[in-house]
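Quick notes on the structure that follows.
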Amino acid sequence: MNGKIRIGTIGTGKIVRRFLAGVAKCPLIEYQAVYSRSEEKAKNFAAEYGVEKYYTTLEGLAQDPDIDGVYIASPNFLHCEQAVFLMEHGKHVLVEKPVASNERELERMQQAAQRNHVVFLEAMRSIFAPGYQVIQENLPKLGQIRRVTLQYCQYSSRYDNFKKGIIENAFKPELSNGALMDIGVYCVYALVMLFGMPDRIQAQGVFLENGVDGAGTIIGIYPDKQAELIYSKITDSSSPSQIQGEKANMLISEVGRVQELTICYRNGETEQISIDLDPDDMVYEAGIWADCILNHKETKAYDQYSRMEMKLMDEARKLMGICFPADQGIL
């Protein structure tokens with residue numbers, strides 16, 4: 001690979017553009033090809049980013065010997081089949097969150113990665129950025145943790161279209177989409193990474209006219225603490241997330257983009273912690289993926305977090321009655 005991995009991308013939307021802004025700052029990656037089912041979109045996107053290759057078939061991308069890895073940003077229900085197909089052709093893959101429709105699909109993907117000796121990661125940008133490491137480093141200051149409240153409530157611009165009868169991908173459950181999969185996943189992943197899998201959960205959702213979940217709440221019960229995960233695509237929130245300990249309380253600015261922490265001690269003192277975050281924050285996931293490939297690093301920790309994330313979301317969806325076509329036979 002001559003010190004760089006040569007990549008292709010699946011998709012031409014906003015998230016791919018955001019990823020490529022990060023890639024532009026990552027010296028370990030060279031962008032070489034784009035895939036889209038639309039030849040016009042693929043050709044125009046390739047021209048915009050100065051790459052010569054574009055594909056309208058997954059086979060073409062998978063069989064290109066000059067492509068080492070692929071970033072997948074297709075609709076959720078396509079992630080598993082596309083990732084497994086690419087890995088069977090020896091490609092490393094970075095799959096946009098949520099990594100799969102359910103735990104069964106994730107297991108297939110992880111097995112394909114092991115079988116083909118390729119690097120497979122979920123592109124959970126918030127976790128790869130430095131903020132969560134800073135949270136972990138400062139948790140001991142809080143003493144015994146008793147309550148965790150993680151929230152991500154962001155009114156979606158697509159919801160305005162939904163109310164006009166224009167149903168876009170983010171609000172289509174048949175694509176394995178909805179508020180939990182699109183935005184609640186940030187809270188779920190953060191919880192299991194910081195505190196592990198709860199002993200049991202409770203869950204409720206707010207459903208829209210077409211059956212998609214627009215918002216929801218998950219309660220995670222641990223032996224010594226309780227966690228609340230609050231997420232929404234149909235309302236905003238002005239409140240920070242927080243982790244409450246017996247000695248102090250930690251306020252987190254944004255679960256999806258951690259830039260500032262405030263620790264409020266019981267004696268009335270406060271501590272402000274700022275995190276220097278690159279504006280193009282997908283540079284971190286791109287760099288870690290590339291580093292794992294080039295230096296043959298293990299991904300077991302990330303694999304474990306993704307597995308817990310999918311397991312928790314499967315259970316939450318079962319409790320809320322959210323069943324995707326991809327869940328046939330398991331939920």
Side-chain angles (χ1 to χ4, degrees), residues 1-97 99-100 109 112-113 115-125 128-129 168-170 175 278-297 299:
M1 298 183 192
N2 297 321
K4 285 191 176 185
I5 63 165
R6 302 160 298 179
I7 71 162
T9 57
I10 292 180
T12 56
K14 287 182 180 178
I15 193 67
V16 180
R17 294 178 182 278
R18 187 170 178 176
F19 176 70
L20 291 175
V23 164
K25 295 180 176 181
C26 181
L28 302 178
I29 297 179
E30 185 176 298
Y31 186 38
Q32 291 211 348
V34 59
Y35 162 84
S36 173
R37 289 175 297 176
S38 164
E39 182 173 5
E40 182 180 4
K41 285 184 179 179
K43 186 176 182 179
N44 290 342
F45 198 84
E48 180 181 347
Y49 282 90
V51 297
E52 295 181 2
K53 296 180 179 180
Y54 62 89
Y55 294 98
T56 56
T57 68
L58 200 60
E59 291 80 4
L61 179 61
Q63 292 169 6
D64 187 334
D66 296 324
I67 298 298
D68 304 308
V70 178
Y71 167 69
I72 299 175
S74 53
N76 300 338
F77 81 109
L78 293 172
H79 288 181
C80 179
E81 293 300 330
Q82 290 179 338
V84 170
F85 185 79
L86 289 164
M87 288 188 284
E88 295 291 2
H89 285 78
K91 308 303 184 190
H92 306 281
V93 292
L94 179 65
V95 185
E96 188 51 51
K97 63 82 195 162
V99 67
M109 297 159 88
R115 188 167 58 247
N116 293 284
H117 308 288
V118 294
V119 174
F120 159 70
L121 283 178
E122 178 176 12
M124 184 59 68
R125 62 175 173 81
F128 288 109
E168 299 182 69
N169 285 358
L175 303 186
D278 193 297
D280 298 311
D281 60 351
M282 293 180 81
V283 65
Y284 303 108
E285 65 188 51
I288 290 171
W289 180 49
D291 182 46
C292 288
I293 294 169
L294 292 168
N295 295 300
H296 310 287
K297 291 186 176 179
T299 61

With side chains defined as the heavy atoms from C-beta onward, is the minimum distance between Val16 and Val34 less than 4.5 Å? no
Are Glu96 and Ile72 packed together at the side-chain level, in the sense that at least one heavy-atom pair is separated by less than 4.5 angstrom? no
Could you grab the distance from atom [atom1] of [X] to atom [atom2] of [Y], nearest 0.5 Å is fine?
{"X": "Thr9", "Y": "Phe45", "atom1": "OG1", "atom2": "CZ", "answer": "5.5 Å"}
{"X": "Trp289", "Y": "Thr299", "atom1": "CH2", "atom2": "OG1", "answer": "12.5 Å"}
{"X": "Leu94", "Y": "Ile293", "atom1": "CG", "atom2": "CD1", "answer": "8.5 Å"}
{"X": "Met87", "Y": "His92", "atom1": "CE", "atom2": "NE2", "answer": "11.5 Å"}
{"X": "Cys26", "Y": "Asp280", "atom1": "SG", "atom2": "CG", "answer": "12.0 Å"}
{"X": "Ile15", "Y": "Met282", "atom1": "CD1", "atom2": "CE", "answer": "4.0 Å"}

Taking all non-hydrogen atoms of both residues, which atom of [X] and which atom of [Y] are closest, and how far apart?
{"X": "Glu122", "Y": "Phe128", "result": "O-CE1, 3.1 Å"}
{"X": "His79", "Y": "Ser74", "result": "NE2-O, 2.8 Å"}
{"X": "Val283", "Y": "Gly22", "result": "CG2-O, 3.4 Å"}
{"X": "Asn76", "Y": "Leu175", "result": "CB-O, 3.5 Å"}
{"X": "Arg6", "Y": "Pro65", "result": "NH2-O, 3.7 Å"}
{"X": "Leu28", "Y": "Ala290", "result": "CB-CB, 3.7 Å"}

Within 6.0 Å of [atom1] in [X], more than 12 heavy atoms from elsewhere:
{"X": "Arg115", "atom1": "CZ", "value": "yes"}
{"X": "Lys41", "atom1": "NZ", "value": "no"}
{"X": "Glu39", "atom1": "CD", "value": "no"}

Residue pairs, two or more places apart or on separate chains, that pass side chain to side chain donor-acceptor pair (under 3.5 Å) and touch residues 50-65: Lys53-Asp64, Lys53-Asp66, Tyr55-Asp64
What's the verdict on side-chain contact (heavy atoms from CB on, under 4.5 Å) for Leu86 and Val118, showing C-alpha distance, side-chain angles and the deciding distance? CA-CA 10 Å; Leu86 289 164; Val118 294; over 6 Å; no
Whether the side chain of Lys91 engages the backbone of Ile67 through a donor-acceptor N/O pair (distance < 3.5 Å, no angle test) should be reported. yes
Using a 3.5 Å distance criterion without hydrogens, assess whether the side chain of Asp291 forms a donor-acceptor pair with backbone atoms of Gly287.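 Between the backbone of Gly287 and the side chain of Asp291 there is no qualifying donor-acceptor contact (under 3.5 Å).
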Can you say whether the rings of Phe19 and Tyr71 are parallel (under 30°), tilted (30 to 60°) or perpendicular (over 60°)? parallel
Where do Lys97 and Glu285 land on the salt bridge (Lys or Arg N to Asp or Glu O under 4.0 Å) test, with the steps shown first? CA-CA 12 Å; Lys97 63 82 195 162; Glu285 65 188 51; over 6 Å; no
Carboxylate-amine/guanidinium proximity below 4.0 Å for Asp68 and Lys4: no
